[in-house]
Amino acid sequence: MTSFSGIEVQVMSTHVDLFGHLNHARYLEYLEWARFAWAAHHGFPIEKMVEEGYGPAIVRANVTWRRECRLGDKLRVTVQPLSARRGIGKLHQEVWKGEELCLEAEMSFVMFDLKARKALELPETFLALVRE
């Protein structure tokens, strides 16, 4: 399978705050978009997960902001698997503006049973993906 190079995002006027830079919550949204694009790239589109009755839920976000992003900036948001075991997976994510690292994050997630509304063990096919 081909590697996932990330997604491209442009900072829009509705994404900046009163200080003229990208609002912190928007970074988290961009990270989520990238995670779903990464999962879809590897055969786990949102529609498939919903149809099969599960979906990822973030249980921990360790985020370090390094550089500000501003209106019009073109960003690349990446996803790299770190680890997976039984019920929890970890991903490393970054936001880049050209050659500048703007944000690093370690995101821990569980798979969430959409009917029972509780965490599941990660499906073996997804475990293999995160262990890549």
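Contact annotation: the side chain of I7 approaches that of V9 to within less than 4.5 Å [non-hydrogen atoms, C-beta and beyond]. Taking 4.5 Å as the limit, every side-chain heavy atom of N23 sits out of range of all side-chain heavy atoms of V16. No side-chain heavy atom of F36 sits less than 4.5 Å from a side-chain heavy atom of L31. Here the side chains of V77 and W33 are not in contact, with every heavy-atom distance at 4.5 Å or above. Residues S5 and T78 fail the side-chain proximity criterion, which asks for heavy atoms closer than 4.5 Å. For the pair R35 and P56, the minimum side-chain heavy-atom distance is 4.5 Å or more. Inter-residue side-chain proximity for W65 and L103 is flagged as met; some heavy-atom pair is nearer than 4.5 Å. Residues F4 and V79 have side chains in contact (heavy-atom distance under 4.5 Å, counting atoms from C-beta outward).
Other residues, nucleotides and ligands contribute only 12 or fewer heavy atoms inside 6.0 Å of the CD atom of E51. More than 12 heavy atoms of other residues, nucleotides or ligands lie within 6.0 Å of NZ in K48, so this atom counts as buried by the packing criterion.
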As a quick check of understanding, evaluate side chain to side chain contact (heavy atoms under 4.5 Å, CB included) for I88 and V59, giving each step before the final call.
CA-CA 9 Å; I88 195 157; V59 295; 3.8 Å; yes
Could you check M107 against K90 for side chain to side chain contact (heavy atoms under 4.5 Å, CB included), going step by step and ending with a plain yes or no?
CA-CA 6 Å; M107 308 299 279; K90 291 184 182 180; over 6 Å; no
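Here E104 pairs with R66 in a salt bridge; the nearest charged N to carboxylate O distance falls below 4.0 Å.
Under the 4.5 Å side-chain heavy-atom criterion for ILVMFWY residues, a single connected hydrophobic cluster contains both L127 and W38.
K97 places a side-chain N or O within 3.5 Å of a backbone atom of E68 that can act as its donor or acceptor partner.
Atom SG in C69 sits 8.0 Å away from atom OH in Y30 (nearest 0.5 Å).
Relative orientation of the H21 and F19 rings is tilted, given thresholds of 30° and 60° on the angle between their planes.
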